[in-house]
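Heads up, the thing below is written out as structure tokens.
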Amino acid sequence: MKELIKLEHITKNFGNLRVLDDFSLTVHENEFITLLGPSGCGKTTILRILGGFETADEGKIFFEEKDITDLPANKRNLNTVFQKYALFPHMNVKANIAFGLKINGKSQKYIDDKVDYALNLVNLKGFENRSIDKLSGGQQQRIAMARAIVNEPKVLLLDEPLGALDLKLRQEMQYELIRLKKELGITFIYVTHDQEEALTMSDKVIVINDGYIQQMGTPEEIYNEPENAFVADFIGDSNIIGGTMIKDRLVKINGHEFPCIDEGFGNNKLVDVVIRPEDVIVRERGAGKINGTVLTRVFIGVHYEMLIKSEENEYEWLVQCYEKYDIGEKVSLDVIPSNIQIMNKPTSSDEEAIDLDI
Amino acid sequence: MKKSLKFIYIGIVALFLYLPIIALVVLSFNESKSMAVFSGFSLKWYEEMFSNRMIMQAVINTFTIAITASITATIIGTLAAVGIDGMKSKQQNLVLGFNNIPLLNADIVTGIALLLTFLMFGISLNWGTVYLAHVTFCIPYVILSVRPRVNKSTNTLYEAALDLGASRTYAFVKVVLPELRPGILAGFLLAFTMSVDDFVITHFTRGAGINTISTLIYSQVKVGIRPSLFALSTIIFVMVLIILLLVNFLSKRGKEKVIY
Amino acid sequence: MTSKKALATPFMIWIVAGTIIPIGAIAYYGLTDRNDRFTLENVLAIGNSVHLQALWLSVLLALISTVICFLIAYPLAIIMKNSNFGKRGFMIFLFILPMWMNFLLRTMAWQVLLEKNGVINGMLEAIGLPGQEIINTLSAIVLGMVYDFLPFMILPIYNVISKIDDSIIEAAYDLGASTSEVITQIYLPLSVPGIVSGVNMVFIPSLTTFVISNMLGGGKINLIGNIIEQEFTVSSNWNLGSGLSLVMMLFIVVSMIFLERFDKTGEDSFI
């Protein structure tokens with residue numbers, strides 16, 4: 001895939017606050033790339049620097065190998081879908097979509113066709129003359145998309161576009177976005193704090209915290225092999241436990257040795273171990289390695305979610321399973337080797353997860 | 001480049017707005033009567049101002065009228081704002097339409113209209129007619145400030161208080177009024193400034209010999225301005241500045257209190 | 001509910017006595033002669049060449065002042081919106097403060113500045129330039145109107161512009177609009193309600209003033225306000241004064257209706 005955008009060593013401060021620190025990123029053609037992180041992590045700032053609404057204090061931006069660092073927003077060949085849609089309230093649907101085309105001096109015929117095409121694409125045929133305030137949130141969202149894509153940008157920047165929608169609509173729109181991306185064949189750069197959105201839609205997820213990239217990879221890589229405790233904790237629920245890597249493929253947790261599949265951490269090294277709640281196997285007392293007592297149990301639809309307190313060291317395991325265990329019941333826990341994810345202990349505070357229950 | 005252009009623009013507009021005021025302040029300390037040359041620092045115009053009985057009387061009139069008229073207007077306007085809320089919407093629109101007339105109408109028309117009314121009913125022009133005229137144009141400002149605060153929650157609170165056995169008066173004073181307080185205060189301040197600032201309506205409704213600061217300046221301008229008026233301007237400007245800073249500061253603190 | 005309505009009673013009385021009857025009084029005096037007989041003479045007296053010229057001059061000067069106020073205030077409002085938050089509060093304070101100063105004092109200040117032996121000529125002479133005669137001209141009156149009423153244009157326009165979501169402006173740039181296109185296609189149409197109230201709040205007082213023309217025009221230039229004022233204070237011809245006032249009210253109403261049509265949203269505040 002061809003390189004489309006390169007951010008090189010971007011630094012940005014707001015007053016005394018450093019939002020981005022030496023941030024570099026390469027985006028390829030036709031990628032669906034998601035910047036994922038908690039609020040205040042710098043992800044929106046990256047998008048705004050790309051869009052031309054903020055200028056980086058240091059660093060360069062290249063678009064198709066041309067330096068666009070100092071190019072103003074209205075000269076960049078990319079379009080943004082804003083968080084709160086930012087539709088022009090004094091224009092109807094058609095005028096909103098046609099805005100960019102008119103500015104660029106396109107013919108009326110071209111504009112009509114393009115607006116038709118865009119409304120079709122977002123499933124809002126026949127809405128041309130509606131006024132903006134008569135539209136639902138989901139419809140406004142689609143118009144904002146249509147308004148951006150009629151200009152045929154090479155890249156679409158999306159700033160938490162689904163944040164204001166309710167859950168069901170959000171899930172629908174996720175499929176819509178994937179479909180749109182396929183039909184248009186352009187690059188999407190998507191910003192969200194919602195890990196589910198990121199995992200569902202993206203080709204590549206970039207987890208950001210404190211202005212640094214924590215991990216970059218496919219959704220599967222990010223979920224299954226988090227590189228540090230922050231990523232593990234941010235992407236879905238996790239049990240993050242301190243452990244000792246005895247040697248390659250053998251780790252000691254809660255005083256019990258577990259075979260695993262990780263290598264290269266050294267011998268007798270302190271590590272963090274990530275185990276997803278759905279990967280913890282609950283057995284009858286004696287049939288697993290770690291003994292514990294069920295503390296709480298909630299039915300959350302498909303399965304039960306439980307907190308199980310380890311008898312050896314008081315650690316509370318978050319567990320999801322299909323069988324029902326009673327509160328106070330004594331059980332044993334086990335994990336299969338491929339579900340144990342070993343991470344180095346955080347070396348800097350930047351990587352430290354917010355609350356590690358060790 | 002662009003930023004400095006903006007800065008220059010703001011500077012020019014600010015200069016335009018403040019140059020006359022600065023000129024008055026500087027001239028008020030001028031030793032000579034000249035309006036062109038600053039010949040030395042002196043406080044004599046301040047002395048002259050304070051010993052000038054006409055100016056002092058005008059200042060007293062301005063503030064007694066402003067205080068009494070704005071208090072009256074605040075009481076009538078606050079009661080009205082609550083009362084209007086109890087009307088049907090058609091009636092509301094009609095009443096509010098009439099309320100807007102003094103706001104939208106030219107001062108000269110309001111002044112003349114009141115003058116004619118006083119004369120028609122044989123009321124001779126004096127301090128009282130100025131007071132009545134000021135109450136008339138102050139009420140709309142109070143209603144405008146208080147009405148947005150009279151909403152569903154004050155209604156519910158009022159009814160809840162009645163339900164809990166409070167008398168109507170008690171419910172109004174103890175429950176509704178505190179809710180409306182910021183609006184009432186804003187309305188009072190607005191009415192007060194409008195009254196202090198008014199010239200045109202006072203001009204038509206005042207009796208002979210009754211001057212406010214505004215009418216005094218107007219008559220002085222015809223015979224020739226004395227620098228004691230610059231001293232008065234300076235004092236008024238400083239007072240306005242202090243009051244506005246104080247109100248700003250207090251309202252900011254008030255907001256914090258609401259949050260905590 | 002009925003008892004609640006009763007709270008408005010003093011106000012209702014005041015509306016009748018302070019608004020309805022006085023306007024009725026103007027209409028009565030305007031449409032009768034000294035002997036209380038019905039006549040249209042006082043209203044038609046606007047056709048008198050002196051009156052007509054004064055009215056024409058008032059409309060012209062009011063229009064010029066309104067346009068100048070708009071041209072100064074609009075860029076200022078946009079600059080204020082785009083400045084950062086702490087500075088913004090200070091700037092609003094800066095531009096509103098003169099509004100709280102007594103209107104007569106502010107007008108008097110310009111007289112002092114423009115006077116033949118006044119501050120500006122003093123400065124000009126100090127640097128060796130010839131003195132200018134601005135006082136007692138139409139320009140001096142326009143200057144006074146712009147100075148006195150500028151804050152009334154800034155405030156409503158700024159109020160509306162400051163509420164325009166930043167992302168809407170960014171969206172327009174994002175779609176390729178230049179700064180001038182953003183101003184004409186986004187800012188202007190979205191700030192119509194503010195412009196309408198600003199224009200109203202500058203045009204009507206300018207149209208009806210007699211103070212500014214008197215103080216800065218040296219009593220030689222008559223606007224319609226001066227004519228009406230003199231009928232009451234000098235000539236004591238209340239009927240004629242009232243008749244001309246009726247004509248002036250007509251102009252106010254017409255200009256308001258005219259402006260209202262621009263403002264489709266209609267219900268925005270005029271304060």
Side-chain angles (χ1 to χ4, degrees), chain B residues 6 9-10 13-14 16-21 23-24 27 34-37 76-77 79-80 82-87 95 98-99 101-109 112-117 120 136 139 144 168 193 196-197 199-200 204 213-214 217-218 221 225 229 233 236-237 240-241 244, chain C residues 1 3-8 10-11 14-15 18-23 25-26 29 72 75-76 79 91 94-95 97-98 100-106 108-113 115 117-119 121-122 147 150 204-205 208 210-211 215 225 228-229 232 238 241-242 245 248-249 252 256 270-271:
Chain B
K6 283 180 186 173
Y9 186 78
I10 288 173
V13 179
F16 172 64
L17 286 173
Y18 284 92
L19 184 71
I21 297 172
L24 289 188
L27 288 176
S34 164
M35 295 187 196
V37 189
I76 295 177
L79 290 174
V82 179
I84 289 170
D85 194 57
M87 293 175 182
V95 173
F98 276 112
N99 185 50
I101 289 178
L103 289 175
L104 298 173
N105 211 339
D107 282 354
I108 185 172
V109 178
I112 290 168
L114 287 166
L115 165 71
L116 291 174
T117 310
M120 233 165 48
T136 308
I139 291 176
L144 226 60
R168 284 178 191 284
T193 12
V196 170
D197 206 42
F199 164 71
V200 176
F204 286 107
I213 295 172
S214 300
I217 296 166
Y218 192 68
V221 162
I225 308 164
L229 283 184
S233 312
I236 291 181
F237 180 71
V240 165
L241 189 66
L244 276 187
Chain C
M1 268 318 203
S3 78
K4 196 169 158 192
K5 235 162 80 175
L7 293 172
F11 169 65
W14 216 283
I15 280 188
T19 303
I20 297 174
I21 292 178
I23 286 183
I26 287 200
Y29 276 91
I72 296 176
L76 195 70
I79 293 174
M91 277 201 279
L94 185 74
F95 291 117
L97 179 61
W100 295 79
M101 185 72 176
N102 188 295
F103 163 68
L104 267 283
L105 287 177
R106 283 186 288 148
M108 182 185 80
W110 274 105
Q111 197 178 357
V112 171
L113 283 176
E115 198 73 58
N117 301 314
V119 175
N121 277 346
Y147 182 73
L150 181 61
I204 291 172
T208 60
F210 64 93
V211 179
M215 288 173 80
I228 293 173
E229 195 253 352
F232 281 91
W238 301 344
S242 302
S245 299
M248 199 160 83
M249 278 167 80
I252 296 172
M256 275 203 279
F270 37 79
I271 283 296

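Below, chain A is the first sequence line, B the second, and so on; all start at residue 1.
- For a residue to count as touching a neighbouring chain, one of its non-hydrogen atoms must lie under 4.5 Å from one of that chain's; by this rule C:Pro205 does not touch chain B.
- Both the backbone and the side chain of B:Leu114 come within less than 4.5 Å of a heavy atom of chain C.
- Residues B:Phe98 and C:Ile20 have side chains in contact (heavy-atom distance under 4.5 Å, counting atoms from C-beta outward).
- Of the two parts of C:Glu229, the backbone and the side chain both hold a non-hydrogen atom closer than 4.5 Å to a non-hydrogen atom of chain B.
- Heavy-atom pairs under 4.5 Å with chain B were tallied for C:Met249, C:Met248, C:Glu115, C:Arg106; the largest tally goes to C:Met249.
- Note: B:Val13 leads B:Val13, B:Ile101, B:Ile236 in heavy-atom pairs under 4.5 Å with chain C.
- Ranked by heavy-atom pairs shorter than 4.5 Å toward chain C, the options B:Pro102, B:Gly83, B:Ala106, B:Ala14 are led by B:Gly83.
- Ring orientation note: the planes of B:Phe16 and C:Trp110 are tilted relative to one another, at an angle of 30° to 60°.
- Heavy-atom distances place both the backbone and the side chain of B:Ser214 under 4.5 Å from chain C.
- In this structure, the side chains of B:Leu24 and C:Met108 come closer than 4.5 Å at one or more pairs of heavy atoms.
- Across every non-hydrogen atom of C:Pro98 and B:Leu17, the tightest pair is CG-CB, 4.0 Å.
- Once rounded to the nearest 0.5 Å, the distance linking CE of C:Met215 with OH of B:Tyr218 reads 8.0 Å.
- In this structure, the portion of B:Ile139 lying under 4.5 Å from any heavy atom of chain C is its side chain and not its backbone.
- Using a 4.5 Å cut-off between heavy atoms, C:Phe95 contacts chain B through both its backbone and its side chain.
- The CE atom of C:Met101 sits 10.0 Å away from atom CG of B:Asp197, with the distance rounded to the nearest 0.5 Å.
- For C:Gly225 against B:Ile108, the heavy-atom pair with the smallest separation is O-CD1, 3.6 Å.
- With a 4.5 Å cut-off on non-hydrogen atoms, C:Leu94 touches chain B through its backbone and its side chain both.
- A heavy-atom distance below 4.5 Å is not found between the side chains of B:Ile21 and C:Leu97.
- Per-residue heavy-atom pair counts under 4.5 Å with chain B were compared for C:Ile79, C:Ile204, C:Asn121, C:Ile23, and the maximum is reached by C:Ile79.
- Under the 4.5 Å side-chain criterion, counting only non-hydrogen atoms from C-beta, B:Leu241 is not in contact with C:Trp100.
- Using a 4.5 Å cut-off on side-chain heavy atoms (C-beta onward), B:Phe237 and C:Leu105 make no contact.
- Under the side-chain hydrogen bond (donor to acceptor under 3.5 Å, both in side chains) criterion, C:Thr208 pairs with no residue at all, not counting sequence neighbours.
- In this pair, C:Phe210 and B:Phe199 present their aromatic rings tilted. The plane angle is within the 30 to 60° band.
- Between C:Trp238 and B:Ile112, every side-chain heavy-atom pair lies at or beyond the 4.5 Å cut-off.
- Of the listed residues (B:Asn99, B:Ile84, B:Ile213, B:Ile10), the one with the most heavy-atom contacts under 4.5 Å to chain C is B:Ile10.
- Counting heavy-atom pairs under 4.5 Å between each of C:Val112, C:Ile252, C:Thr19 and chain B puts C:Val112 at the top.
- Qualifying ring pair (Phe, Tyr, Trp, His ring centres under 6.0 Å) partners for B:Tyr9, counting only residues two or more places apart in sequence or in other chains: none.
- Only the side chain of C:Phe232 comes within contact range of chain B, with at least one heavy atom under 4.5 Å from a heavy atom of that chain.
- Ranked by non-hydrogen atom pairs under 4.5 Å with chain C, the options B:Leu27, B:Asp107, B:Val82 are led by B:Val82.
- Scanning all heavy atoms of the two residues, the minimum distance from C:Pro22 to B:Thr117 falls at CA-OG1, 3.0 Å.
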